[in-house]
Amino acid sequence: MNTTTTTTTTHDPAGEVLDAILTGAGRLLLSVFTLAWWAILFPMVSVPAGLSVAAGWFLGWPAGVGVAGGAVAGMVLWRVLSPQTFERWFTGRVRSRFLTWFRYRRRWTNMATACGLSTRDGDRVFIPRLVSVQIGDTLDIVRARMLPGHCPDTWIHRADHFAHGFGAQKAKVSLVGPGLVEITFRRSDSLADPVVVPFESMAGFKTIPSTRKAA
């Protein structure tokens with residue numbers, strides 16, 4: 001005699017709605033926190049933007065447009081008069097923040113799991129913590145905290161996996177502290193582009209002054 005077991009799944013609409021509300025509220029709070037953090041990091045953008053909105057709100061839209069136009073003109077003037085400081089305090093920082101997220105943070109969990117560096121305790125999955133990321137012209141330096149029970153050799157043997165997974169030419173893993181590993185990614189070859197060196201600056205060579213005798 002065959003026995004058929006039928007399982008009926010019931011949906012709780014109220015619970016689903018509550019989950020959706022909580023998920024939306026969490027994402028909203030995260031977005032607000034991220035926006036506030038970026039405003040603190042880049043006051044040269046957030047302050048003029050805030051003044052433009054305030055001027056438009058209290059004095060009318062022409063005043064807001066005028067303040068925004070003045071801020072844009074000031075940024076352009078800054079870029080023209082001092083490109084080094086503009087790169088250091090604005091474009092360089094924006095580039096570093098974006099590449100930190102785009103190259104490493106958004107893929108860190110998947111890569112750590114794919115390389116067998118995550119651990120499981122029941123239903124909980126633990127991922128090595130990404131401590132810091134330093135973006136350079138040709139080299140990126142990433143530091144991560146090993147999980148309890150990890151062996152440094154396990155990380156060192158994953159160097160090729162890291163290079164392939166993060167799209168780098170080469171990766172080198174080294175232990176720099178108790179439980180702290182440093183991964184150096186080579187993104188490009190610093191010697192690929194030729195560098196023109198003035199003849200006078202080469203070691204052992206100096207420009208010989210003219211010794212033509214007077215007639």
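Worth knowing before you read on, the calculation uses all heavy atoms, side chains too, and leaves out hydrogens, waters and symmetry mates.
The CG atom of L130 sits 12.0 Å away from the CZ atom of R145 when rounded to the nearest 0.5 Å. From S132, atom OG reaches atom CZ of R143 across 6.0 Å, with rounding to the nearest 0.5 Å. Atom CH2 of W155 and atom NE2 of H150 lie 6.5 Å apart (nearest 0.5 Å). Atom CD1 of I141 sits about 11.0 Å away from atom NZ of K172, to the nearest 0.5 Å. One distance of note links CE of M111 with NE2 of H161; it measures 8.0 Å at 0.5 Å rounding. The NE2 atom of H157 sits 13.5 Å away from atom SG of C115, with the distance rounded to the nearest 0.5 Å.
Taking hydrophobic clusters as Ile, Leu, Val, Met, Phe, Trp and Tyr residues chained together by side-chain heavy-atom distances below 4.5 Å, L59 does not share a cluster with V53. By the criterion of side-chain heavy atoms lying less than 4.5 angstrom apart, applied directly or through intervening Ile, Leu, Val, Met, Phe, Trp or Tyr residues, I183 is not grouped with L139; the two fall into different hydrophobic clusters. L175 is connected to F185 through a chain of hydrophobic side-chain contacts under 4.5 Å among Ile, Leu, Val, Met, Phe, Trp and Tyr, so both are in one cluster. Criterion: ILVMFWY side-chain heavy atoms under 4.5 Å apart, direct or through other members. Under it, V142 and L180 are not part of a common hydrophobic cluster. Residues V176 and V133 do not share a hydrophobic cluster, defined by chaining ILVMFWY side chains whose heavy atoms lie under 4.5 Å apart.
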Residue pair T154, M146: steps toward the side chain to side chain contact (heavy atoms under 4.5 Å, CB included) verdict: CA-CA 10 Å; T154 302; M146 294 192 301; over 6 Å; no

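Put simply, the side chain of R158 never gets that close to the backbone of G116: no donor and acceptor are under 3.5 Å apart. Here the side chain of W108 pairs a donor or acceptor atom with the backbone of P128 at under 3.5 angstrom.
Applying the side-chain hydrogen bond (donor to acceptor under 3.5 Å, both in side chains) rule to S96 yields no partners; only residues at least two apart in sequence or on another chain are considered.
Using a 30° and 60° split on the angle between ring planes, W78 and F86 fall in the perpendicular class, above 60°. Classified by interplanar angle (parallel below 30°, tilted 30° to 60°, perpendicular above 60°), the ring pair F98/F102 is parallel.
Residues P48 and A71 approach most closely at CB-CB, 3.5 Å, considering heavy atoms. The nearest pair of heavy atoms linking T113 to S118 is CA-OG, 3.8 Å. The minimum heavy-atom distance linking R187 with A168 is given by the pair NH1-CB, 3.9 Å. Scanning all heavy atoms of the two residues, the minimum distance from G165 to R107 falls at O-NH1, 3.2 Å.
More than 12 heavy atoms of other residues, nucleotides or ligands sit less than 6.0 Å from atom CZ of R106. Within a 6.0 Å radius of CZ in R88, other residues, nucleotides and ligands contribute 12 heavy atoms or fewer. Applying the 6.0 Å contact sphere to CG of D160 captures no more than 12 heavy atoms from other residues, nucleotides or ligands.
The shortest distance between side-chain heavy atoms of F166 and D140 does not fall below 4.5 Å. Looking only at side-chain heavy atoms (C-beta outward), L117 and L147 stay at 4.5 Å or farther from each other.
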